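The sequence lines fix the lettering, A, B, ..., with proteins before strands; numbering per chain opens at 1. All of these numbers come straight from a predicted model, not from anything done at the bench.
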Amino acid sequence: MRWSRYFLPTLKEDPAEAETASHRLMLRAGLIRKLSSGIYNLLPLGLRASRKVENIVREEMNRIGGIEILMPVLSPAELWMESGRWHVYGKELMRVRDRHDRFFALGPTHEEVVTDIVRKEVRSYRQLPLILYQIQTKFRDELRPRFGVVRAREFIMKDAYSFHRDEKSLAETYDKMYEAYTRIFTRCGLKFGPVEADSGAIGGDVTHEFMVFAETGESQVLACECGYAATSDTAEGKVPQYRPDEKQKPLEKVATPGMKTVEEVTSYLGKQPWQLLKTIIYNADGQFIGVLIRGDRQINEIKLKRVLNAVELRMADAAEIEKITGGPLGFSGPVGLEGLRLLADRSLEGMVNMVTGANEVDAHYVNVNLGRDFTVKEFYDLSIASEGDLCTRCGRPLRVWRGIEVGQIFKLGTKYSQAMKATFLDEDGKENPFVMGCYGIGITRTVAAAIEQNNDTDGISWPIGIAPFEVLILPTNVTNPELSQTAENIYSELHARGLEVLLDDRDERPGNKFKDADLIGIPFRVTVGEKGAREGIVELRRRKTGEIQRIPKQEAVETVTAVVNKEKSEATVS
RNA sequence: CGGGGCGUAGCGCAGCCCGGUAAGCGCGCCUGGUUCGGGACCAGGAGGUCGGAGGUUCAAAUCCUCUCGCCCCGACCA
C-alpha cells in the first residue's frame with residue numbers, strides 16, 4: 001500500500017475526549033473515528049488490525065472443530081420472550097419496531113437465535129457435539145459507553161455456541177475452548193490471565209473470563225501465587241482476623257449523637273472501623289433481610305443475590321428501616337432485633353467486643369459479642385474480597401490487579417434449550433434438552449487491549465500478529481529519485497514475497513514521517529535515506545526496541561523477509 | 001439514574017462573569033518560494049448560521065428559558 005494513495009488520517013494532538021492510551025492512540029493513529037457516543041467508524045488501519053484478530057480467531061475456532069455461520073442482527077421479539085430475556089435483559093437490549101408494529105431486538109448475543117436454528121435442524125445425538133460460531137456486529141445499549149471501542153454500544157464480537165448430549169461432552173469442549181482462547185490471545189501478543197467469574201445475564205454456572213492486564217481496565221481481579229484468580233464479583237478470600245483472643249467485656253449502651261457512618265461512630269468512640277458490626281437491611285424479592293458485616297468490609301451484592309437465589313435486590317429505605325428495627329437509619333444492630341432473617345458475612349467470625357447500632361436514635365452498643373448478645377445461624381461469604389485477604393486454597397495473601405475483559409466462556413447447561421424446547425433423541429429414543437456452552441471474544445476490544453498494552457510516548461507498537469502492516473518503508477526524501485527508486489524496489493519485492501508492506505511515499509519532511517511512523521507503530525521500519533545511500537545501505541528499525549540494523553541495499557529484501565518471518569514464527573503458538 | 005463539566009473553523013483552545021470596539025489564536029488545509037534524518041521557515045489564501053429553538057434588548061457567542069449532543073466520576077454491566 002502506498003501511503004500517499006491510502007486513507008490514513010493521523011492527528012498531531014490528543015483529542016480532548018480520549019482518556020486512556022488505547023482510545024487516544026486509536027484516534028491519533030487514524031484507526032477509528034467516533035460517529036456518536038459509543039459508536040465508531042473503523043478506518044482502514046483499524047479495520048486491518050481487527051481483521052487480523054478475526055483471522056486468528058477463525059483459525060483457532062476451526063482448529064477445534066468450530067463451524068462458522070452468520071446470524072442476523074435483527075431477531076424477532078418472540079424468540080426473546082421464549083427465553084424470558086425480553087423482560088430480564090433490561091434497557092441494554094436495543095429494541096426496534098417495524099412498520100407492522102412488530103418488535104425486534106438488535107442482537108446483543110445470540111443464544112436464542114442459535115438455539116432456534118439447532119432445535120429446528122438437529123434431531124439426533126449422532127449429530128453432537130456441534131460448535132457453531134460467528135463473527136458479527138453486536139449491540140448493547142450501555143449505560144455509559146467509554147474508553148473508545150473498549151465499551152462501545154456497537155462492536156464486533158466472535159460468539160460461539162456448543163451443543164452436547166451431556167455435561168461430560170460439554171466439559172470437553174469447554175476445555176478445548178479454554179485452550180483455544182489461550183492460543184488466540186497469545187497469538188495476539190497479549191499478556192493476559194484466565195480468571196473465574198460471575199455469569200451475569202447470560203446464565204450458567206461455570207465461567208471464565210480472559211483478562212488482559214491493564215492499569216486502565218474496568219475489571220478487578222484478585223489473584224494468588226498458587227494460580228487462583230477471580231474477578232472481584234466472585235473472588236473468595238479469608239478475611240484476616242483482628243484480636244480474636246480478646247476477653248469479652250460486659251455489654252454497654254453508649255450515646256452517639258448524630259453518628260451514623262462507620263467512620264463517624266468509630267472515630268467518636270476511639271475505635272477502628274474493623275471493630276464495628278454493620279447491619280444492612282435489604283429487600284430481596286419483597287422479603288426483608290438483615291446482613292451483618294464487619295465495618296471495614298463491603299457487601300458483595302452479587303454473592304448475596306446468589307446465596308438468596310434472588311432476582312431483585314435493593315437496600316431498604318429509611319422508613320422501612322425504622323419500621324423493622326425501631327430505630328432510624330444508621331443505628332441498626334442485631335442485638336434485640338427480632339423476626340428478621342439475619343445473614344452474617346464470615347468477616348464476623350472471631351470478632352470480640354464489637355460496636356453496633358442499638359436500634360434507637362443516637363445510641364450504639366459496645367462490647368457486643370456473638371452468641372452472648374445475639375445469635376446468627378447463617379454464615380456466608382458475602383463480602384467483596386480485597387487486597388490482603390487470604391487465598392481459600394493455599395492461605396497466601398491475595399493481590400489485586402486490573403484488566404480488560406476480552407473474552408468469556410460459559411457452561412450454560414440447559415437454561416436455553418429447556419426454555420425454548422430444544423431437544424434431541426438419544427440412543428434409547430428418549431428426548432433430551434441440549435446441554436449448551438457459549439463463548440465470546442470482543443474483537444474490537446481485543447485490538448484496543450493490545451494497544452493499551454503495547455504503546456509508548458511516541459505511539460502504538462503493534463505485536464506482529466495483529467499489526468495492520470508488518471513493514472513500513474520510509475524514504476526520507478521522495479524528491480530524490482535514487483531514494484525513491486530504492487524504496488519502490490524494496491517495497492514491490494517484499495510485497496511479492498507476501499509481506500504486508502506500507503510505503504510512505506508522501507512528499508513530507510523526514511521528521512513528520514518518523515513521527516507518524518512511530519505513531520502508527522508498524523513493527524519494522526526500513527529507512528531509505530541519503531546518509532545511508534552514500535554507503536549503499538538502508539536501515540532496519542524495530543519499533544519496540546528502537547534497535548537499528550544497517551543492511552547493504554542489495555541484501556535488504558532478503559534480510560527483512562527473514563527478520564519478519566522469524567518474528568512471526570516466534571509469535572505463533574506451536 | 002445521581003454528581004460534575006463541555007459544545008466557538010478539520011483538531012486543540014481563548015473570548016462569555018462585565019452585551020457593542022470581537023469572529024480570535026495555535027496546529028492542520030490550499031498557492032508560491034526557501035528548506036529536507038525526528039512534528040521547518042517566509043509570504044499569500046480558503047474555511048465559522050459561535051450545537052439548536054425561543055426570549056430579553058436599540059444591539060446577544062456573551063444574559064434568561066427550553067432542548068439536543070458529548071465527556072468525566074459513581075451506580076450498573078457480556
Would you say A:R146 reaches B:C73's phosphate, i.e. side-chain N/O to OP1/OP2 under 4.0 Å?
yes
Contact class for A:D14 vs. all strands (heavy atom < 4.0 Å): base, sugar-phosphate, or nothing?
sugar-phosphate
Of all the heavy-atom pairs spanning A:I520 and A:A29, show the shortest one and how long it is.
CG2-O, 3.9 Å
Are A:K12 and B:G28 close enough that a side-chain N or O sits under 4.0 Å from OP1 or OP2?
yes
Taking only N and O in the side chain of A:S37, is any of them less than 4.0 Å away from OP1 or OP2 of B:C71?
yes
Regarding the side chain of A:E13, the nearest nucleotide among B:C72, B:G12, B:G69 is B:G12
Give a yes or no on whether the ring-centroid distance for A:Y178 and A:H208 is below 6.0 angstrom.
yes
Tell me if the side-chain of A:R24 makes a donor-acceptor pair with the base of B:G12, cut-off 3.5 Å, by modelled atom types.
no
Once you apply a heavy-atom cut-off of 4.0 Å, does A:E218 come out as touching a base, just sugar-phosphate, or nothing?
nothing
Which part of the nucleic acid, if any, lies within contact of A:G529, taking any heavy atom under 4.0 Å across all strands shown: a base, the sugar-phosphate backbone alone, or nothing?
base
Could you check whether A:R445 gets within reach of a base, just the sugar-phosphate, or nothing at all, counting any heavy atom under 4.0 Å?
base
Which pair of non-hydrogen atoms, one from A:P273 and one from A:E263, has the smallest distance, and what is that distance?
CG-OE1, 4.4 Å
Would a distance-only check, ignoring hydrogens and angles, find a side-chain to backbone donor-acceptor pair under 3.5 Å from A:R445 to A:V150?
yes
Scan A:F139 against the nucleic acid and name what it touches under 4.0 Å (heavy atoms): base, sugar-phosphate only, or nothing.
nothing
Measure from the side chain of A:T527, starting at C-beta and using heavy atoms only, and say which of B:C70, B:G37, B:A78 lies closest.
B:G37
Quick note, A:T479 side chain, CB onward, closest among B:C76, B:C36, B:G39 is B:C36
Taking atom C1' in both B:C77 and B:G5, compute the distance separating them and give it to the nearest angstrom.
24 Å
From CD of A:E17 across to P of B:C71 the rounded distance in Å is 7 Å
Mark yes or no for a side-chain to base donor-acceptor pair under 3.5 Å between A:E530 and B:G37, with no hydrogen or angle criteria applied.
no
For A:G407, answer base if it contacts any base atom (sugar-phosphate contacts may also be present), sugar-phosphate if it contacts only those atoms, and nothing otherwise; contact means non-hydrogen atoms under 4.0 Å.
nothing
With hydrogens left out and only the distance checked, is there a donor-acceptor pair under 3.5 Å joining A:E539's side chain and the base of B:G37?
yes
Since syn is defined as within 90° of 0, does B:A22 count as syn or as anti?
syn
Taking 4.0 Å as the cut-off, does a side-chain nitrogen or oxygen of A:R144 come that near to OP1 or OP2 on B:C73?
yes
If you check every side-chain atom of A:M157, which of B:G69, B:A78, B:C36 has the closest atom?
B:A78
Given the structure, check if the side chain of A:R525 and the base of B:G38 hold any donor-acceptor pair shorter than 3.5 Å.
yes
